[in-house]
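Just so it is clear, the structure is predicted and the values come from calculations on it, not from any experiment. Proteins come first, then strands; the chains are lettered A, B, ... in the order of their sequence lines, and each starts at number 1.
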Amino acid sequence: MGMETTAKKTNFIWDFIQQDLESGRYQSVHTRFPPEPNGYLHIGHCKALVTNFATAEHFGGLTNLRFDDTNPAKEETEFVDGIMEDIRWLGFDWKGGLFFASEYYPKCYEIAVDWIERGLAYVDELSAEEVRTYRGTLTAPGKNSPWRDRPVEESLRLFEEMKAGKHPEGSLILRMKIDMASPNMNMRDPAMYRILFKEHHRTGKTWCIYPMYDYAHPIGDALEGISHSLCSLEYEDHRPLYDWVVNHAQNMLPSAPRQIEFSRLNLTRTIMSKRYLRMLVEGGYVSGWDDPRMPTLCALRRRGYTPAAIRDFIDRIGVAKADSEVDLALLEHCVREDLGETVPRAMAVLKPLKVVLTNWPEDFRDELPMENHPAHPEMGGHTSVMTKELYIEQEDFMEVPARKYFRLFIGGEVRLKSAYIIKADSCDQDENGNVTCVYCTVDMDSRNGSEGAKRKVKGTLHWVSAAENLPVEARLYEPLLMEENAEVEQEDAEDASAPAASQKKDFLKRLNPESLEVCHGYMEKSLGDAKPGDTYQFLRMGYFCKDPDSTAQLAVFNRVVGLKDSFKKAVKA
RNA sequence: UGGGGUAUCGCCAAGCGGUAAGGCACGGGACUUUGACUCCCGCAUUCGUAGGUUCAAAUCCUGCUACCCCAGCCA
């Protein structure tokens with residue numbers, strides 16, 4: 001048996017579609033990505049985004065971008081602009097077209113009138129509370145509204161009056177006439193239209209009645225010729241309603257789309273609910289929607305995540321129907337893999353410790369060449385200047401070495417990257433016992449590239465000249481949420497009786513107080529012409545992306561992600 | 001207690017009656033002027049559970065259990 005040369009990657013959705021194509025139910029594939037413009041896109045949305053775009057692409061079809069703007073109370077133009085920018089940034093193009101659900105208001109109205117005439121819809125005068133009561137419960141059937149069987153002419157007249165603004169908000173709704181006893185709550189005469197005297201970001205004051213999602217969505221899909229409407233699992237219960245709408249409006253619609261649901265993305269230690277993200281922004285817990293700790297795309301972009309990394313991540317997690325929570329480590333792996341290959345290396349010391357090279361000639365400066373990428377000579381190089389005084393990382397020196405420590409310590413030797421081998425002789429300490437300066441002797445014969453450099457030295461450190469450097473502010477990020485089941489003992493004691501569910505929801509208690517650490521250090525001068533958005537690997541420290549907060553005097557860098565660190569792990573154990 | 005879903009390694013996830021892919025994480029080793037990268041090696045006799053059918057079951061049947069979603073004039 002021959003092994004297949006290319007592993008065919010598919011998923012249950014593609015399998016369904018393949019069947020649909022083979023059976024002739026559909027001739028081609030057309031999908032849509034339908035965000036509501038009431039907030040910014042986050043990493044969770046990317047799964048739906050990529051799934052819709054990649055599916056169409058796989059079958060040679062197109063994808064539409066459609067803003068689901070049927071609730072003027074929550075939607076703004078700011079968000080439609082932001083969403084389009086984010087999608088473009090990710091590299092997707094809505095070749096199928098750009099649409100707004102609000103474009104279909106006239107058609108929706110037309111169908112609604114048709115349904116009233118055909119006895120499929122009626123105007124209800126029950127209050128919101130009464131509607132809820134009449135709907136019944138999960139286990140008890142609902143009962144018909146007293147207005148359910150009112151004359152067609154009456155509903156017609158009332159619906160026109162609703163549209164004409166003659167009735168106040170909440171006084172009337174238009175409902176589908178399906179089945180108040182259905183075990184599926186969605187089928188108990190769902191609302192089609194409600195009265196809302198809100199200005200819409202696109203239609204202005206043209207309308208004061210707005211269609212509900214369950215009514216407008218299938219119509220929008222059908223009008224756009226969508227073949228497969230891919231959405232998340234919570235709409236599974238809505239599928240019978242989706243089909244009901246399509247079937248009963250068939251005479252006025254060009255096609256009948258198929259809805260397929262998949263599970264949404266959850267990430268460990270990450271808040272994915274729009275509502276909670278809003279609380280973080282409005283509560284001042286973060287600096288804004290693009291605070292680099294946020295899971296929004298604008299924040300990930302600012303932090304230094306790349307479209308390639310995000311798409312690779314979505315690709316790797318797969319598409320299925322089981323509830324899941326993906327380990328953040330996978331996302332981090334994806335950025336490291338991308339950045340590691342594409343980004344230049346440079347040196348920056350984030351928590352500086354002064355080093356004096358006692359035997360270094362007083363005013364001698366040595367320009368040392370350094371490659372931009374060890375595996376890609378074509379990426380060129382730059383020079384780093386070595387002087388008598390320099391900085392190394394505080395954690396790279398210990399007066400007496402711990403076990404397995406092969407950085408600098410008194411009596412120990414270490415190599416300075418691309419430079420010389422040095423040996424620590426003594427150090428100064430302040431009144432608290434903190435080391436303030438290390439005195440070293442240089443092996444002047446060990447300059448990088450020379451014969452004397454060909455010695456085995458266990459540790460290699462990054463460094464920056466104390467005389468020739470640029471100041472840098474480095475912002476180090478950790479997840480916004482602490483690990484599950486981590487240090488909440490105090491609260492736990494108080495809330496011992498609280499239901500687990502509510503504790504889980506109380507994400508504020510899980511907020512990580514150390515999600516942001518700001519360091520002030522020094523970087524080599526070659527980094528001086530970095531522009532906001534440029535990313536480097538700061539040797540041994542991680543990947544850093546220059547932030548727009550930077551000024552002419554101070555460069556600000558966001559840590560995208562650290563390097564893998566087997567030393568830290570070994571020490572912890 | 002009604003309806004709709006889901007259960008395969010720590011986390012994702014293939015598998016579609018023929019004897020458990022892959023990735024991440026993790027552990028070990030080699031290499032190393034980044035304790036990074038790269039490269040080897042290891043990592044489910046077992047598929048929520050109990051039965052049944054079969055020469056053969058993660059895959060078929062039956063019962064049970066756990067978890068998720070639904071009672072917006074939100075999407």
Side-chain angles (χ1 to χ4, degrees), chain A residues 7 9-11 15 34-36 38 68-71 73-75 124 126-128 131-133 135-142 169-175 182-188 190-196 210 212-214 216-217 231-240 261 263 268 274 313 315-334 336-337 340-341 345 347 370 374-375 404-407 414-419 421 448-449 453-462 537-542 562-570:
Chain A
K9 184 156 183 179
T10 182
N11 59 53
D15 292 345
E36 181 186 18
N38 69 343
D68 237 327
D69 55 351
T70 53
N71 186 353
K74 308 205 303 191
E75 297 147 6
D124 198 348
L126 253 28
S127 69
V131 167
R132 196 189 319 128
T133 313
R135 186 155 33 225
T137 69
L138 294 178
T139 51
E169 279 186 21
S171 60
L172 301 174
I173 54 169
L174 184 70
R175 303 177 72 176
S182 171
N184 182 346
M185 299 296 289
N186 295 298
M187 301 298 271
R188 322 246 259 227
M192 288 170 70
Y193 270 97
R194 75 287 214 187
I195 300 168
L196 248 28
Y210 292 91
M212 302 287 292
Y213 166 87
D214 281 316
H217 200 88
C231 62
S232 44
L233 239 36
E234 65 266 31
Y235 292 104
E236 215 157 17
D237 282 350
H238 296 242
R239 193 180 342 125
E261 314 82 10
S263 67
T268 57
K274 235 179 230 180
F313 170 71
D315 195 53
R316 287 180 191 234
I317 61 175
V319 184
K321 293 190 70 162
D323 293 323
S324 65
E325 186 177 44
V326 177
D327 194 333
L328 231 202
L330 180 59
L331 214 210
E332 295 182 334
H333 172 264
C334 292
R336 280 195 199 99
E337 191 169 85
E341 197 48 30
R345 323 274 120 140
M347 296 194 289
M370 181 182 160
K404 293 263 190 99
Y405 187 84
F406 47 85
R407 276 111 103 140
V414 81
R415 187 190 302 276
L416 296 179
K417 172 70 183 173
S418 298
I421 295 167
N448 189 32
K454 292 176 182 162
R455 292 165 45 200
K456 208 72 182 156
V457 178
K458 188 62 177 162
T460 300
L461 309 183
H462 62 283
Q537 184 197 97
F538 286 175
L539 230 63
R540 303 206 306 134
M541 300 308 285
L563 261 26
K564 291 207 1 184
D565 188 351
S566 52
F567 174 60
K568 244 176 213 159
K569 269 173 201 150

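Between A/Lys9 and the phosphate of B/A21, there is no side-chain N or O to OP1/OP2 separation shorter than 4.0 Å. Within the structure, a side-chain polar atom (N or O) of A/Arg540 is placed less than 4.0 Å from OP1 or OP2 of B/G35. In this structure, A/Arg239 does not reach the B/G3 phosphate: none of its side-chain N or O atoms is under 4.0 Å from OP1 or OP2. The phosphate of B/G72 has OP1 or OP2 within less than 4.0 Å of a side-chain N or O from A/Arg135. Dashed line: the shortest gap from a side-chain N or O of A/Arg132 to OP1 or OP2 of B/G72 is under 4.0 Å. Side-chain nitrogen and oxygen atoms of A/His462 include none within less than 4.0 Å of the OP1 or OP2 phosphate oxygen of B/U34.
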Requested in this report: Take nucleotides 8-17 of chain B nucleotide by nucleotide from the 5' end and write B, S or -, depending on whether a protein heavy atom sits under 4.0 Å from the base, only from the sugar-phosphate, or from neither.
Outcome: ---SSSS-B-

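At the heavy-atom level, A/Thr139 lies under 4.0 Å from base atoms of the strands shown. When heavy atoms are screened at a 4.0 angstrom cut-off, A/Gly449 is found touching base atoms of the nucleic acid. Within 4.0 Å (heavy atoms only), A/Ala191 reaches sugar-phosphate atoms of the nucleic acid but no base atom. Note on A/Phe538: nothing from the nucleic acid sits closer than 4.0 angstrom, heavy atoms only.
When each of B/U34, B/C73, B/G5 is scored by its nearest atom to the side-chain atoms of A/Leu233, the top-ranked nucleotide is B/G5. Distance from the side chain of A/Arg345 is smallest for B/U34 among the nucleotides B/C73, B/U34, B/U32.
Rounded to whole Å, the C1' atom of B/C60 lies 8 Å from the corresponding atom of B/U53. For the C1' atoms, the distance linking B/C26 with B/A44 amounts to 15 Å, nearest Å.
At whole-Å resolution of the value, CZ in A/Arg336 and P in B/G23 are 17 Å apart. Atom NZ of A/Lys417 is separated from atom P of B/U32 by 13 Å (rounded to the nearest Å). Between the OH atom of A/Tyr213 and the C1' atom of B/G72 there is a distance of 14 Å, given to the nearest Å. The NE2 atom of A/His333 sits 11 Å away from the P atom of B/C26 (whole-angstrom rounding). Computed from coordinates, the A/Glu261 CD to B/C70 P distance equals 14 Å when rounded to whole Å. Counting to the nearest Å, the C1' atom of B/G4 and the CZ atom of A/Arg188 are 13 Å from each other. A/Lys456 has its NZ atom 4 Å from the P atom of B/U32, to the nearest Å.
Under 4.0 Å is where a charged nitrogen must lie from a carboxylate oxygen, and between A/Glu337 and A/Arg316 at least one such pair does.
Look at B/C67: its Watson-Crick or wobble partner, with both distances under 3.5 angstrom, is B/G5. Partner assigned to B/G51 is B/C61, using Watson-Crick or G-U wobble distances below 3.5 angstrom. B/G42 is paired with B/C26 under the criterion used here, namely a Watson-Crick or G-U wobble arrangement in which both key atom distances are under 3.5 Å. Base pairing of B/C73 is not made with any nucleotide, judged by Watson-Crick or G-U wobble geometry with both donor-acceptor distances under 3.5 Å.
Here the side chains of A/Phe313 and A/Leu330 are in contact, with some heavy-atom distance below 4.5 Å. Side-chain contact between A/Met212 and A/Ile173 is absent, with no heavy atoms from C-beta onward closer than 4.5 Å. For the pair A/Thr70 and A/Glu36, the minimum side-chain heavy-atom distance is 4.5 Å or more.
The aromatic ring of A/Phe567 sits over the base of B/G35, with ring centres less than 5.5 Å apart and planes tilted by under 30°.
The base of B/G3 is paired with the side chain of A/Asp237 by a donor and an acceptor separated by under 3.5 Å.
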Requested in this report: Could you check A/His217 against A/Asp68 for side chain to side chain contact (heavy atoms under 4.5 Å, CB included), going step by step and ending with a plain yes or no?
Outcome: CA-CA 8 Å; A/His217 200 88; A/Asp68 237 327; 2.8 Å; yes

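Annotation: the span from A/Arg194 atom CZ to A/Leu172 atom CG amounts to 14.5 Å, rounded to 0.5 Å. In this structure, the separation between CD on A/Glu261 and SG on A/Cys231 is 5.0 Å, given to the nearest 0.5 Å.
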